[in-house]
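Heavy-atom basis, side chains included; hydrogens, waters and symmetry copies ignored. The sequence lines fix the lettering, A, B, ..., with proteins before strands; numbering per chain opens at 1.
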Amino acid sequence: MSLQLHNTLTQRVEPFQPLSDNTVKMYTCGPTVYDFAHIGNFRTFVFYDLLRRWLRASGFQLDHVMNITDVDDKIIRNAVAQGKSLRDYTDNFTQAFLDDCGTLRLERPEHIVRATDHINEMAESIAKLEADGFTYRSDGSVYFRIAKFAEYGKLSHNDFSGMVAGARVDVDEYEKSDARDFALWKAPKEGEPNWDTCIGPGRPGWHIECSVMAYHYLGATLDLHAGGVDLIFPHHENEIAQSEALTGKPFAKFWVHSEFLLVDGQKMSKSLGNFYTLRDLFGRGFTPESVRYLLASVPYRKGLNFTFEGLNSAKTAIDRLRNFKLRLETAKLAEGLNDEIEAKANSAHLGFRAGMDDDLNTAEALGAVFEFLRDANVALDAGTFLEGNRARALELMVLFDSVFEVLTPSEAAGAISADDVEALIAARTAAKKSRDFARADQIRNELLEKGVILEDTKDGVRWKRK
RNA sequence: GGCGCGGUAGCCAAGUGGUAAGGCCAGGGUCUGCAAAACCCUUAUUCGUCGGUUCAAUUCCGACCCGCGCCUCCA
């Protein structure tokens with residue numbers, strides 16, 4: 001089987017294939033950098049990362065664009081309030097976002113692009129839309145007239161045919177012909193930054209940036225466009241209207257959307273006090289790997305209820321996987337090959353791939369790994385896991401980690417070196433041999449304080465970091 | 001109201017027309033100088049409710065109930 005993904009456009013799980021050659025042209029909606037990104041945002045960004053990794057594992061090359069929205073109402077309001085330039089204000093949070101992505105081990109898209117670096121292209125596109133009759137002006141702003149785009153609603157599966165243009169509706173401070181029409185370009189306002197362009201002064205609306213940057217970097221038709229479900233309407237619907245009105249070609253073949261993250265069953269909000277950034281979680285002692293694992297382990301199309309219990313559970317599960325890998329690397333094994341174990345390893349590989357191929361069903365993929373882990377541990381205990389079985393089992397862990405990437409602990413600053421640990425272990429072993437248990441226990445405690453856990457096994461002493 | 005997602009053990013969660021993966025927690029055990037760590041075992045006659053189709057339904061159909069999201073900015 002090959003990779004299948006749920007396509008919001010058709011509402012079905014379909015085989016994924018790029019339109020031409022082997023390179024996937026993908027666009028994903030990035031953050032609006034008015035503040036630190038929160039874990040709900042990162043649920044989606046982790047999903048992008050899993051998608052990237054599994055597309056590559058499926059043999060595709062990637063050409064992936066992610067935008068940084070660095071101009072919007074909140075940004076302007078906050079920057080003005082702090083007396084900062086837009087760029088100064090957004091640079092700070094853009095860098096924080098990129099740092100957080102690195103901490104969560106998210107692969108870098110091929111292009112990370114800022115809206116404000118593409119204002120002129122946006123203005124030119126809006127001019128073209130105006131020339132082609134898709135827009136109208138009102139008080140210096142330019143609106144997209146959705147009545148001119150017959151297929152409006154095809155992504156969100158809403159029927160707008162009953163909404164005829166002409167009934168004038170006042171919304172916000174601007175006057176629009178139709179309540180669903182949206183701003184392509186906003187007229188300058190007192191005290192707000194604006195750009196001088198071929199369509200006059202002002203600033204871009206939110207939706208136009210994605211259409212324009214996607215076209216600029218990837219061309220008229222994308223293989224795949226992803227985002228959170230909350231963006232289906234109106235953002236992605238509007239992107240389709242703009243892009244298809246501009247090029248006359250389909251905007252994206254596949255639309256893939258990740259479900260929402262809830263905290264304790266409720267939407268995150270500052271007033272409820274359940275609003276978390278990564279920094280908050282790390283401050284409480286949770287590791288990036290735990291967060292990554294939790295966000296990755298629930299399939300992306302299912303709502304994810306974030307709890308601290310879930311985070312602890314993730315930590316324990318990762319420990320078990322790491323312990324298994326350590327055991328595979330260090331166990332003394334008898335020569336030979338156990339065919340039964342090898343068959344189980346092979347079916348675990350297949351199970352993992354089948355799960356990922358099935359619309360990135362990470363829960364199913366994980367199940368295959370843990371099932372093998374148990375069988376292998378039983379065999380290791382019984383001495384029936386042989387030297388010839390080691391490689392294939394380790395390959396499974398490599399395959400697993402090529403997607404989940406949680407097995408290597410994050411570096412802790414000031415940690416004791418491996419050499420020092422080994423030296424202390426040697427000293428303890430010597431103390432034990434001379435039955436100086438007090439000394440042995442003292443060394444053990446000393447190491448524990450430094451975050452090193454010793455395991456006395458029948459194959460000798462094994463250690464790991466906490 | 002419209003559109004969409006979901007309701008499976010204490011928690012998270014996969015799944016199939018033929019009798020419930022996996023993870024966490026809990027309980028029990030193995031190992032050990034003692035520990036720790038590690039590992040193993042056990043844990044849903046039952047899959048929101050009620051009807052229907054079927055030899056057989058958690059899985060298909062219908063109705064209903066409940067939770068969440070979008071419909072205004074939002075991953």
**Q** Which part of the nucleic acid does Leu262(A) contact within heavy-atom distance under 4.0 Å: base, sugar-phosphate only, or nothing?
**A**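 The answer is sugar-phosphate, as Leu262(A) gets under 4.0 Å only of primed atoms, P, OP1 or OP2.
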**Q** Can you check ring pair (Phe, Tyr, Trp, His ring centres under 6.0 Å) on His236(A) and His257(A), steps first, answer last?
**A** CA-CA 10 Å; His236(A) 289 162; His257(A) 292 100; 5.0 Å; yes
**Q** Classify the nucleic acid contact of Asn377(A) as base, sugar-phosphate or nothing, counting any heavy atom under 4.0 Å across all strands shown.
**A**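 Sugar-phosphate contact only.
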**Q** Look at the aromatic rings of Phe45(A) and Phe97(A) and report parallel, tilted or perpendicular, splitting at 30° and 60°.
**A**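 Ring orientation of Phe45(A) relative to Phe97(A): perpendicular.
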**Q** Which part of the nucleic acid does His38(A) contact within heavy-atom distance under 4.0 Å: base, sugar-phosphate only, or nothing?
**A**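 Counting heavy atoms under 4.0 Å across all strands, the contact made by His38(A) includes a base.
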**Q** State the pairing partner of G67(B); accept Watson-Crick or G-U wobble contacts with both distances under 3.5 Å, and report none otherwise.
**A**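 C5(B) is the nucleotide pairing with G67(B).
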**Q** Would you say Arg180(A) places a side-chain N or O within less than 4.0 Å of OP1 or OP2 belonging to G2(B)?
**A**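 Negative; the distance criterion is not met.
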**Q** C68(B), OP1 or OP2 - any side-chain N/O from Gln266(A) closer than 4.0 Å?
**A**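 No, because none of the side-chain N or O atoms of Gln266(A) sits under 4.0 Å from OP1 or OP2 of C68(B).
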**Q** Keeping the roles fixed (side chain from His157(A), backbone from Leu155(A)), state whether a donor-acceptor pair exists under 3.5 Å.
**A**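 Between the backbone of Leu155(A) and the side chain of His157(A) there is a qualifying donor-acceptor contact (under 3.5 Å).
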**Q** Is Lys74(A) close enough and on-axis enough to Tyr34(A), meaning under 6.0 Å and within 45°, for cation-pi?
**A**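 Cation-pi check for Lys74(A) and Tyr34(A): passes.
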**Q** Given the P atoms of A57(B) and C5(B), what is the spacing between them in whole Å?
**A**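 Nearest-Å result for A57(B) against C5(B) at atom P: 27 Å.
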**Q** Side-chain donor or acceptor of Arg462(A) under 3.5 Å from a matching atom on the base of A38(B)?
**A**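 Side chain to base: no pair below 3.5 Å.
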**Q** Which nucleotides of nucleotides 8-19 of chain B have their base under 4.0 Å from a protein heavy atom (B), which only their sugar-phosphate (S), and which neither (-), written as one string 5' to 3'?
**A** ---S-SSS----
**Q** Do the side chain of Asn323(A) and the base of A37(B) come within less than 3.5 angstrom through a donor-acceptor pair of N or O atoms?
**A**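 Counting by modelled atom types and ignoring angles, no donor-acceptor contact under 3.5 Å is found here.
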**Q** Are more than 12 heavy atoms, taken from residues, nucleotides or ligands other than Glu340(A), located less than 6.0 Å from that residue's CD atom?
**A**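 Result for CD/Glu340(A): open.
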**Q** What is the pairing partner of A38(B), taking Watson-Crick or G-U wobble pairs with both distances under 3.5 Å in any strand?
**A**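 In the structure as shown, A38(B) has U30(B) as its Watson-Crick or wobble partner.
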**Q** At 4.0 Å (heavy atoms only), tell me whether Arg301(A) reaches a base, stays on the sugar-phosphate, or touches nothing.
**A**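 Sugar-phosphate only.
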**Q** So, applying side chain to side chain donor-acceptor pair (under 3.5 Å) with Asn67(A), which one of Glu209(A), Arg114(A), His118(A) is it?
**A**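 With Asn67(A) as partner, side chain to side chain donor-acceptor pair (under 3.5 Å) holds for just one option, Glu209(A).
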**Q** At under 4.0 Å, does any side-chain N or O of Thr32(A) touch on OP1 or OP2 of A75(B)?
**A**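 Yes.
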**Q** Any N or O donor-acceptor pair under 3.5 Å from the base of G4(B) to the side chain of Asp230(A)?
**A**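 Result: no qualifying N/O pair found.
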**Q** With a cut-off of 6.0 Å (strictly less than), are more than 12 heavy atoms of other residues, nucleotides or ligands near CZ of Arg108(A)?
**A**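 No, CZ of Arg108(A) has 12 or fewer neighbouring heavy atoms, counting only those of other groups under 6.0 Å.
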**Q** Under 4.0 Å between any heavy atoms, over every strand shown, what does Lys267(A) touch: base, sugar-phosphate, or nothing? Just pick one.
**A**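 The answer is base, as Lys267(A) lies within the cut-off (heavy atoms under 4.0 Å) of a base atom.
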**Q** When the P atoms of G23(B) and C64(B) are considered, how many whole Å apart are they?
**A**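 Nearest-Å result for G23(B) against C64(B) at atom P: 39 Å.
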**Q** Base, sugar-phosphate, or nothing: which does Phe260(A) touch, judged by heavy atoms less than 4.0 Å apart?
**A**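 Phe260(A): base contact, heavy atoms under 4.0 Å.
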**Q** Categorize Leu261(A) for me: base, sugar-phosphate, or nothing, with a 4.0 angstrom heavy-atom threshold over every strand shown.
**A**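 The answer is base, as Leu261(A) lies within the cut-off (heavy atoms under 4.0 Å) of a base atom.
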**Q** For Arg320(A) and G22(B), is the shortest distance between a side-chain N/O and OP1 or OP2 below 4.0 Å?
**A**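 Looking at the OP1 and OP2 atoms of G22(B), neither is under 4.0 Å from any side-chain N or O of Arg320(A).
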**Q** Indicate, with a heavy-atom threshold strictly under 4.0 Å, whether Asp456(A) touches base, sugar-phosphate, or nothing.
**A**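 If one applies the 4.0 Å heavy-atom cut-off, Asp456(A) turns out to touch a base.
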**Q** Closer than 4.0 Å, any side-chain N/O of Arg374(A) to the OP1 or OP2 of G22(B)?
**A**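 Arg374(A) to G22(B) OP1/OP2: side-chain N or O found under 4.0 Å.
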**Q** What's Ser258(A) touching, base or sugar-phosphate or nothing? Going by heavy atoms closer than 4.0 Å.
**A**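 Contact class for Ser258(A): none.
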**Q** Does C71(B) have OP1 or OP2 sitting under 4.0 Å from an N or O in the side chain of Asn158(A)?
**A**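 Asn158(A) to C71(B) OP1/OP2: no side-chain N or O under 4.0 Å.
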**Q** Does the aromatic ring of Phe437(A) sit over the six-membered base ring of G33(B), closer than 5.5 Å centre to centre and tilted less than 30°?
**A**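 Stacking is present between G33(B) and Phe437(A), given that their ring centres fall under 5.5 Å apart and the planes under 30°.
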**Q** Parallel, tilted or perpendicular: which fits the ring planes of Phe47(A) and Tyr300(A), with parallel below 30° and perpendicular above 60°?
**A**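 Ring orientation, 0 to 90° scale: parallel.
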